[in-house]
Amino acid sequence: MTTEAQRATYAADAGLGAKFLFKIVKNDSMKEDPPQIYGWRVFMLACSACFGGMLFGMDIGTIGGVLILKEFIAEYHLGDPASVGFANLSANIASTLQAGCFLGCFVASWIADRWGRRTSLITNGFITIVGCIIQSCSFGNIGSMYFGRFVAGVGVGGASMVVPLYISENAPRAIRGGLTGIYQLFIATGTMLAFWVNYGANLHIKGKAIFIVPLAVQALPAVLLVGCMFLNKESPRFLAKQDRWEEATSVLSRIRHLPADHPYVQGELRDMSEQLEHERILIGGSTLKDLLREMFTIPGNRKRVLISIGLMICQQMTGTNAINYYAPLIFNNLGIRGTATKLFATGIYGVVKMVTCAAFLLFAADSLGRRRSLLWTSIAQGTAMLYIGLYVRIAPPLPNAAVPPAGYFALVCIFLFAGFFQFGWGPVCWIYVSEIPTARLRSLNVAIAAATQWLFNFVVARATPNMLVTVGSHGYGAFLIYSSFCYTMFFFVWFLIPETKGLSLEKMDDLFGVTELVKHVVDEDREAHGAHTAHGPSTEIGLDGKEVTKVEKKEVVR
């Protein structure tokens with residue numbers, strides 16, 4: 001911990017950004033850490049990586065608007081928009097992306113662990129560009145459209161796994177929640193931009209270009225992701241895991257804007273070293289079998305991966321992507337008529353998502369905390385969905401009739417739901433699953449969490465159009481189902497989710513009991529071999545799976 005005299009010296013050199021953060025972020029780490037670490041580099045790094053989140057946002061915003069365009073319906077022979085056949089084809093087109101995303105999570109995890117987080121992000125950017133080109137050039141061939149969306153999905157899903165991983169490994173602990181949550185902000189921003197691209201195309205473009213342009217514009221975030229990541233460095237924690245300590249020190253010093261021999265930098269490197277040491281003591285090898293054994297046989301690690309899976313299932317079962325993908329259809333069910341009007345309402349929905357997410361990241365992510373954010377938004381989201389469902393059930397909109405006041409409030413509830421989601425279940429899940437895993441398991445844990453998210457995203461995307469047609473008049477049952485899930489999530493968080501606000505990544509082992517387990521294993525080893533072995537030579541298994549002899553603990557950085 002820095003002394004008051006040191007902090008006075010640091011504050012004199014602190015930039016405006018750091019001074020602003022001191023006013024809005026309220027946690028203990030913010031009071032202890034030097035202000036220099038909150039420089040512009042870490043924010044630019046986070047924003048560069050988060051173009052990977054915008055990939056997803058642009059897609060979900062684009063496809064929902066494209067699917068209701070009469071030109072697209074005619075070109076791909078989707079049939080009557082009110083029919084179950086149309087619902088099935090629309091669901092297939094929208095959900096093919098999730099199949100690619102599911103595969104992309106595991107491919108990206110392998111690349112991220114073998115060649116690095118940065119390399120994985122660049123690769124996923126190129127894959128997404130190829131997928132967008134195929135979609136734009138399908139020219140009425142629905143098989144080609146499916147294939148293009150699958151390829152783009154591999155890139156989008158891979159990026160969704162690596163972005164929060166890369167940011168959490170670079171972010172200072174006091175603002176890690178806000179920086180990782182920028183991922184959700186970029187998803188919301190991409191969704192908003194796609195909504196308005198659809199609206200603009202509907203007003204100003206004619207013919208087949210009305211859907212080709214939005215499909216092509218999806219590639220823009222991928223181009224920005226590739227370009228920006230070429231300007232960034234690899235994660236210092238990945239470099240440390242590879243025993244490339246000199247590079248890790250250099251990168252960490254640059255990001256933190258502090259000299260390599262500064263006590264804060266040295267302390268962070270020491271924490272990395274100790275955590276890696278603990279992991280090797282517990283399991284040792286680095287094959288997939290070893291990592292899975294470490295993940296599911298050690299209670300603290302097993303709890304973390306199960307929490308990650310549970311959070312991602314809950315995130316999707318809020319029904320948020322039902323609205324994201326099919327907002328125009330849902331607005332139609334609430335009585336909004338006309339393609340332009342529905343696309344305009346969808347655009348406003350996107351603005352609400354982006355603004356509320358930005359407000360959460362600035363004022364709540366690292367102050368209110370993860371747990372409380374999830375708790376209150378569970379109830380708020382459920383209530384909003386419940387009102388929408390009851391309105392559609394009790395007073396459904398009538399053809400060619402004006403929308404009643406209760407109907408307009410139902411529309412407001414759609415926007416309120418978006419805001420509540422961005423204050424909890426949207427950004428917090430990604431923050432949480434990227435920060436709680438131990439170092440060696442972080443990539444695999446996030447990959448499993450992201451794959452779970454895409455699997456249930458697929459379930460929602462595939463089921464929602466049919467639910468809106470078959471589950472009660474105007475699909476009121478769909479809203480009641482999602483409302484019930486939201487209320488249930490409150491109890492999941494209350495009983496199972498601990499608070500992680502302000503903790504360093506290395507301190508997560510303490511929170512989940514792994515550090516105590518390591519101490520117990522070491523104590524048992526000493527008792528078994530005698531006290532004289534405590535400081536003598538010892539053999540352990542290295543990351544390459546081979547035995548290494550360790551005479552004494554060496555300093556990582558000199």
Side-chain angles (χ1 to χ4, degrees), residues 21 24-25 27 29-30 33 37-38 41-57 105 108 112 117-118 120-121 159-190 225 228-229 232 235-238 255-256 268 304 307-308 311-312 315 354 356-371 373-374 421-439 442-443 445-447 449-450 453 497 499-508 511:
L21 289 173
I24 64 171
V25 177
N27 62 47
S29 297
M30 201 73 197
D33 298 339
I37 68 175
Y38 308 115
R41 282 196 181 98
V42 72
F43 290 97
M44 292 300 101
L45 176 147
C47 290
S48 297
C50 282
F51 282 114
M54 193 176 284
L55 298 178
F56 176 40
C105 290
R117 292 37 167 151
R118 175 177 173 270
S120 186
L121 283 172
S160 75
M161 173 258 147
V162 183
V163 171
L165 173 69
Y166 180 73
I167 296 174
S168 68
E169 291 188 341
N170 281 280
R173 59 182 180 172
I175 59 170
R176 187 177 60 249
L179 289 179
T180 307
I182 292 175
Y183 173 67
Q184 185 67 29
L185 176 63
F186 270 62
I187 292 177
T189 303
L225 173 65
C228 289
M229 289 312 301
N232 283 282
S235 156
R237 285 174 170 82
F238 170 79
I255 296 172
R256 298 293 181 260
E268 201 165 350
R304 285 185 268 195
I307 284 176
S308 299
L311 284 173
M312 285 308 184
Q315 185 195 60
M354 185 189 72
T356 51
C357 186
F360 170 78
L361 297 179
L362 280 174
F363 302 109
D366 289 300
S367 299
L368 181 63
R370 289 47 155 165
R371 179 179 160 86
S373 297
L374 293 175
F421 181 78
Q422 299 300 342
F423 253 81
W425 286 93
V428 171
C429 291
W430 289 109
I431 294 169
Y432 207 89
V433 303
S434 65
E435 68 185 1
I436 61 173
T438 195
R442 190 168 294 124
S443 176
N445 192 102
V446 176
Q453 187 264 164
I497 305 299
E499 184 56 73
T500 57
K501 176 185 70 175
L503 296 179
S504 69
L505 294 181
E506 288 68 34
K507 294 300 180 184
M508 298 299 168
L511 181 65

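As the structure is a prediction and not an experimental result, all values here were calculated from the model. Computed from heavy atoms alone, side chains included, the values below leave out hydrogens, waters and symmetry copies.
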Subject >> Sequence-distant partners of R371, side-chain contact (heavy atoms from CB on, under 4.5 Å), two or more places apart >> reply: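 In terms of side-chain contact (heavy atoms from CB on, under 4.5 Å), with neighbours along the sequence ignored, R371 is linked to L375, V493, W494, E499.
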Subject >> Pairing residues for S48 by the side-chain contact (heavy atoms from CB on, under 4.5 Å) criterion, not counting sequence neighbours >> reply: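 Result, side-chain contact (heavy atoms from CB on, under 4.5 Å) vs S48: C228, M229, N232.
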Using side-chain heavy atoms (C-beta onward) and a distance below 4.5 Å, is [X] in contact with [Y]?
{"X": "V428", "Y": "L311", "answer": "no"}
{"X": "L185", "Y": "M354", "answer": "yes"}
{"X": "E435", "Y": "P164", "answer": "no"}

Original post:
Considering residues at least two apart in sequence or located in another chain, which fulfil the ring pair (Phe, Tyr, Trp, His ring centres under 6.0 Å) criterion with Y183?
Top reply: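 Residues passing ring pair (Phe, Tyr, Trp, His ring centres under 6.0 Å) with Y183: W430.
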**OP:** Taking ring pair (Phe, Tyr, Trp, His ring centres under 6.0 Å) as the test, write out the residues that go with F238, two or more places apart.
**Re:**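 Not a single residue meets the ring pair (Phe, Tyr, Trp, His ring centres under 6.0 Å) criterion with F238.
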Original post:
Excluding sequence neighbours, so at least two apart, what forms side chain to side chain donor-acceptor pair (under 3.5 Å) with S308?
Top reply: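 Once residues adjacent in sequence are excluded, the partners of S308 under the side chain to side chain donor-acceptor pair (under 3.5 Å) criterion are N445.
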**OP:** For Q315, enumerate each residue passing the side chain to side chain donor-acceptor pair (under 3.5 Å) test, keeping only those at least two apart in sequence or located in another chain.
**Re:**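 Q315 satisfies side chain to side chain donor-acceptor pair (under 3.5 Å) with no residue once adjacent residues are dropped.
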**OP:** Please step through side-chain contact (heavy atoms from CB on, under 4.5 Å) for the pair S168 and R442, ending with a clear verdict.
**Re:** CA-CA 10 Å; S168 68; R442 190 168 294 124; 4.2 Å; yes
**OP:** State the CG-CG distance between N170 and L165, to the nearest 0.5 angstrom.
**Re:**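 If we round to the nearest 0.5 Å, N170:CG and L165:CG are 9.5 Å apart.
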Original post:
Between the side chains of E169 and S235, is a donor N or O closer than 3.5 angstrom to an acceptor N or O?
Top reply: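 Yes, S235 and E169 have a side-chain donor paired with an acceptor closer than 3.5 Å.
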**OP:** Can you see which heavy atom on L179 is nearest to which on P172, and at what distance?
**Re:**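 What the structure gives for the nearest pair is CD1-CD, 3.9 Å.
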